[in-house]
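Below: the structure, in structure tokens.
Below, all heavy atoms of this structure are taken into account, side chains as well, without hydrogens, waters or symmetry copies.
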2 protein chains.
Amino acid sequence: MKQIRPTESELEILGVLWEKGPSTVREVHDILSQTKDAGYTTTLKLMQIMHEKGLLDRDTSSKTHVYTAAISQQKTQEQLVNKMIDTIFGGSASQLVMQALGHHQSSEEELEKIREYLAAIEKQQKNNR
Amino acid sequence: MKQIRPTESELEILGVLWEKGPSTVREVHDILSQTKDAGYTTTLKLMQIMHEKGLLDRDTSSKTHVYTAAISQQKTQEQLVNKMIDTIFGGSASQLVMQALGHHQSSEEELEKIREYLAAIEKQQKNNR
DNA sequence: ATTATTGTACGAATATCTTCGTAAACGAAT
DNA sequence: ATTCGTTTACGAAGATATTCGTACAATAAT
């Protein structure tokens with residue numbers, strides 16, 4: 001199985017692309033520069049490298065290139081969460097869950113979704129018995 | 001607020017120290033080498049650097065030094081989880097929760113803990129209304 | 001058509017992480 | 001006391017990530 005290991009900066013860029021969809025370097029950079037302090041060419045270079053690595057696809061048909069995330073948010077989340085559980089949560093997924101719920105203000109809506117999800121899991125476990 | 005950013009390798013070492021408590025380089029290395037392939041002096045050097053950075057404390061009273069994690073597991077989890085939610089989960093904690101529950105087999109016991117936790121959160125939210 | 005603006009390409013400097021060889025210090029065993 | 005195994009200290013090489021200056025190309029504005 002191929003392990004993808006985007007760096008910190010690369011994840012920030014991927015985050016923008018997942019959120020906004022296909023974007024130019026300028027668009028990505030404008031968003032990043034709200035919270036980060038780096039020059040335009042830095043973002044450009046990063047995205048070029050990510051393209052070489054296969055993390056991004058790009059359309060060069062017009063002068064201003066348009067980039068797209070080449071790896072799925074789902075898959076990336078899966079890998080990073082699993083690693084995180086193993087290394088800093090000592091293998092306990094529930095610990096991570098509680099950490100996440102405790103410190104990020106969750107909306108009633110989100111909590112409802114989670115409750116449904118829990119119910120589904122338990123039902124499944126019963127069936128496997 | 002001081003941001004702690006242990007590297008990948010540093011997190012592995014912290015993981016061992018959180019799990020086992022105060023340990024020598026040898027002890028840490030023996031555990032790491034079960035899953036990782038690096039020489040003894042590499043682990044030593046890493047732990048020395050971590051000590052310089054303030055990530056580890058150490059007791060040098062006997063020849064064989066004993067290291068301890070200087071940052072709490074709790075605090076580290078909190079920071080990394082929050083960053084993760086922001087960058088790759090688009091700010092949605094519940095998405096992370098579902099990811100965690102979906103791919104790590106959780107025991108009935110763990111699920112029960114989570115349910116209790118959810119209930120507590122909801123109760124609190126009611127009171128704040 | 002000339003100039004200004006905006007974008008990409010390239011290369012290099014800087015920073016950071018990871019790895020390990022080698023030497024010196026220490027303690028235990030002979 | 002000499003030897004042997006273990007440990008720390010140091011330094012440096014190698015790998016990877018991050019940053020940006022500069023040059024050139026394309027487009028838009030005058």
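Partners of His65(B) under the ring pair (Phe, Tyr, Trp, His ring centres under 6.0 Å) rule, at least two apart in sequence or in another chain, do not exist in this structure. The side chain to side chain contact (heavy atoms under 4.5 Å, CB included) search around Glu27(A) returns Ser23(A), Thr24(A), not counting sequence neighbours. For Thr87(B), the side-chain hydrogen bond (donor to acceptor under 3.5 Å, both in side chains) test picks out no residue, with sequence neighbours left out. Legend: residues meeting side-chain hydrogen bond (donor to acceptor under 3.5 Å, both in side chains) with Gln95(A), ordered by chain and number and at least two apart, are absent. Lys20(B) is linked by a salt bridge (Lys or Arg N to Asp or Glu O under 4.0 Å) to nothing, counting only residues two or more places apart in sequence or in another chain. In this structure, the side chain to side chain contact (heavy atoms under 4.5 Å, CB included) partners of Asp30(B), at least two apart in sequence or on a different chain, are Arg26(B). The salt bridge (Lys or Arg N to Asp or Glu O under 4.0 Å) search around Glu116(B) returns none, not counting sequence neighbours. The side chain to side chain contact (heavy atoms under 4.5 Å, CB included) check on Glu8(B) picks up Arg5(A), Lys83(A), with sequence neighbours excluded.
Taking a 4.0 Å limit (strictly below) on heavy-atom distances, residues 26-33 of chain A does not reach DNA chain D anywhere. Near DNA chain C, meaning a heavy atom under 4.0 Å from it, residues 14-24 of chain B has no residue at all. Residues from residues 58-66 of chain B with heavy atoms under 4.0 angstrom of DNA chain C, sorted by number: Lys63(B).
Side-chain contact between Leu14(A) and Ile88(B) is absent, with no heavy atoms from C-beta onward closer than 4.5 Å.
Tyr40(B) has no side-chain polar atom (N or O) that falls below the 4.0 Å cut-off from OP1 or OP2 of dT19(C).
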_Output one letter per nucleotide in nucleotides 10-18 of chain C: B when a protein non-hydrogen atom lies under 4.0 Å from the base, S when only the sugar-phosphate is that close, - when neither is._
BB-----SB
